Amino acid sequence: MLIGILQTGLAPDNLSGEMGDYPDMFARLLDGHGFTFRTYRVVDMEFPAGVQDCDGWLLTGSRHGAYEDHPFIPPLEDFIRRAYAAHVPMVGICFGHQIIAQALGGKVEKYKGGWSVGPTDYDFDGETLTLNAWHQDQVTELPDSATVIARNDFCENAALVYDDRAFTVQAHPEFRDEFVDGLMRTRGKGVVPEDRMEAATARLGTKLDAPTISDRIADFFKRPRAQHPRE
């Protein structure tokens with residue numbers, strides 16, 4: 001199964017050399033599930049020709065806000081709506097989670113409660129899963145088509161499903177602890193409050209449930225779907 005990675009941001013240069021860029025992290029996360037990958041740097045305006053060029057789409061995180069004025073955002077929202085209409089499955093992570101919601105009628109804002117950083121517990125329909133987080137923006141109003149499947153006290157809309165068309169997660173299952181530690185050192189200083197970073201550092205090393213989310217992403221992509229007209 002060919003998964004198109006829509007890369008909406010770039011990992012910091014001083015971290016990507018050792019740990020890889022975001023597409024590399026997703027390839028590691030989903031290793032063993034039988035996927036092949038093709039990356040499109042939509043942040044640099046490199047878009048697929050059509051929504052059926054791949055069997056499914058994975059939208060990455062980004063340092064940009066979904067509500068900001070960047071050239072790639074309007075065509076990305078249009079692509080999301082076309083993929084949704086064609087029932088081509090999409091998975092969105094962090095910014096990907098947010099931009100899918102925004103494109104389909106939801107609202108994304110800079111959360112007044114501040115940042116969520118590092119190992120964070122989420123209630124996935126009664127099951128507590130721990131994933132690394134790195135975000136201040138949140139989906140604050142849901143699209144009509146979205147159903148909440150994970151939340152915590154800080155983030156009410158932490159994971160969403162849109163029937164068999166999209167599965168999105170606010171946290172970063174692809175982020176290992178060393179990458180979060182690197183983000184705190186390179187992007188956190190003066191941006192994320194020190195007490196938030198100290199609390200995150202104290203939890204580094206907590207067992208993460210990224211393999212569980214990897215399985216759920218794979219199951220979502222592989223779910224049998226009715227045939228729909230091509231573009």
Side-chain angles (χ1 to χ4, degrees), residues 1-9 22-23 25-27 29-30 33-43 45-62 64 66-67 70 72-108 124 131 135 137-139 141-150 157-174 210 213-231:
M1 187 175 188
L2 177 61
I3 303 301
I5 297 178
L6 303 180
Q7 186 175 356
T8 64
Y22 297 142
M25 297 179 194
F26 282 108
L29 177 70
L30 296 171
H33 289 289
F35 297 130
T36 55
F37 300 96
R38 180 182 299 160
T39 297
Y40 301 85
R41 286 175 59 143
V42 296
V43 68
M45 300 301 291
E46 179 191 349
F47 281 86
V51 298
Q52 279 102 357
D53 284 11
C54 294
D55 300 310
W57 301 101
L58 194 158
L59 287 75
T60 73
S62 176
H64 301 305
Y67 46 77
H70 298 289
F72 76 94
I73 288 180
L76 179 57
E77 289 184 312
D78 179 65
F79 185 92
I80 289 165
R81 288 187 286 266
R82 288 188 287 117
Y84 184 84
H87 289 251
V88 182
M90 294 178 286
V91 168
I93 302 298
C94 199
F95 177 91
H97 163 81
Q98 297 161 9
I99 195 69
I100 289 173
Q102 180 173 285
L104 297 178
K107 186 173 184 179
V108 178
F124 276 79
L131 303 168
H135 70 98
D137 294 347
Q138 290 194 28
V139 176
E141 293 180 16
L142 295 176
D144 292 339
S145 53
T147 299
V148 178
I149 60 166
N157 304 313
L160 306 173
V161 292
Y162 304 72
D163 56 59
D164 68 347
R165 299 190 244 189
F167 168 46
T168 70
V169 179
Q170 176 59 71
H172 282 282
E174 80 283 14
I213 299 300
S214 173
D215 290 344
R216 293 190 182 192
I217 291 172
D219 290 345
F220 178 79
F221 275 136
K222 294 177 180 180
R223 184 180 304 172
R225 290 173 174 87
Q227 294 295 313
H228 295 273
R230 299 179 72 86
E231 279 190 311

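As a basis for the values below, the full set of heavy atoms in this structure was taken, side chains included, without hydrogen atoms, waters or symmetry mates. These numbers come from a predicted model, not from an experiment.
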- Task: Check for a donor-acceptor pair, side chain of Thr168 on one end and backbone N or O of Ala159 on the other, with a separation under 3.5 Å.
- Result: no

- Query: Between the side chain of Thr39 and the main-chain N/O of Ile5, is any donor-acceptor distance below 3.5 Å?
  - Reply: no

- Item | Worked verdict on Thr8 versus His64 for side chain to side chain donor-acceptor pair (under 3.5 Å) | CA-CA 8 Å; Thr8 64; His64 301 305; over 6 Å; no

- Query: Donor-acceptor pair, His135 side chain versus Asp137 backbone, under 3.5 Å?
  - Reply: yes

- Rounded to the nearest 0.5 Å, what's the gap from CD1 on Ile3 to CZ on Phe221? Could you check? 4.0 Å

- Task: Determine yes or no for a side-chain-to-main-chain donor-acceptor pair under 3.5 angstrom, with His97 supplying the side chain and Asn157 the backbone.
- Result: yes

- Query: When you check the gap from the basic side-chain N to the acidic O, do Arg82 and Asp78 get nearer than 4.0 Å?
  - Reply: yes

- Look only at the side chain of Asp53 and the backbone of Pro48, and say whether a donor-acceptor pair between them is shorter than 3.5 Å. no

- Message: Test your reading of the model: is there a side-chain donor-acceptor pair from Gln98 to the backbone of Ala66, 3.5 Å cut-off?
- Response: no

- Can the positive tip of Arg225 be found less than 6.0 Å from the middle of the six-membered ring of Phe220, inside 45° of the ring normal? yes

- Message: With a 3.5 Å distance limit and no angle check, can you tell me whether Trp57 reaches the backbone of Leu6 through a side-chain donor-acceptor pair?
- Response: no

- Task: State whether a side-chain donor-acceptor pair under 3.5 Å links Glu77 with Gln102.
- Result: yes

- Task: Check each of Leu30, Leu131, Ile93, Val91 against Ile213 using the side chain to side chain contact (heavy atoms under 4.5 Å, CB included) test, and report the only one that passes.
- Result: Leu131

- Message: Against the six-membered ring of Tyr67, is Lys107 placed for a cation-pi contact (under 6.0 Å from the centre, within 45° of the normal)?
- Response: no

- Can you check whether Glu46's main-chain N or O pairs, donor with acceptor, with Arg41's side chain at less than 3.5 Å? no

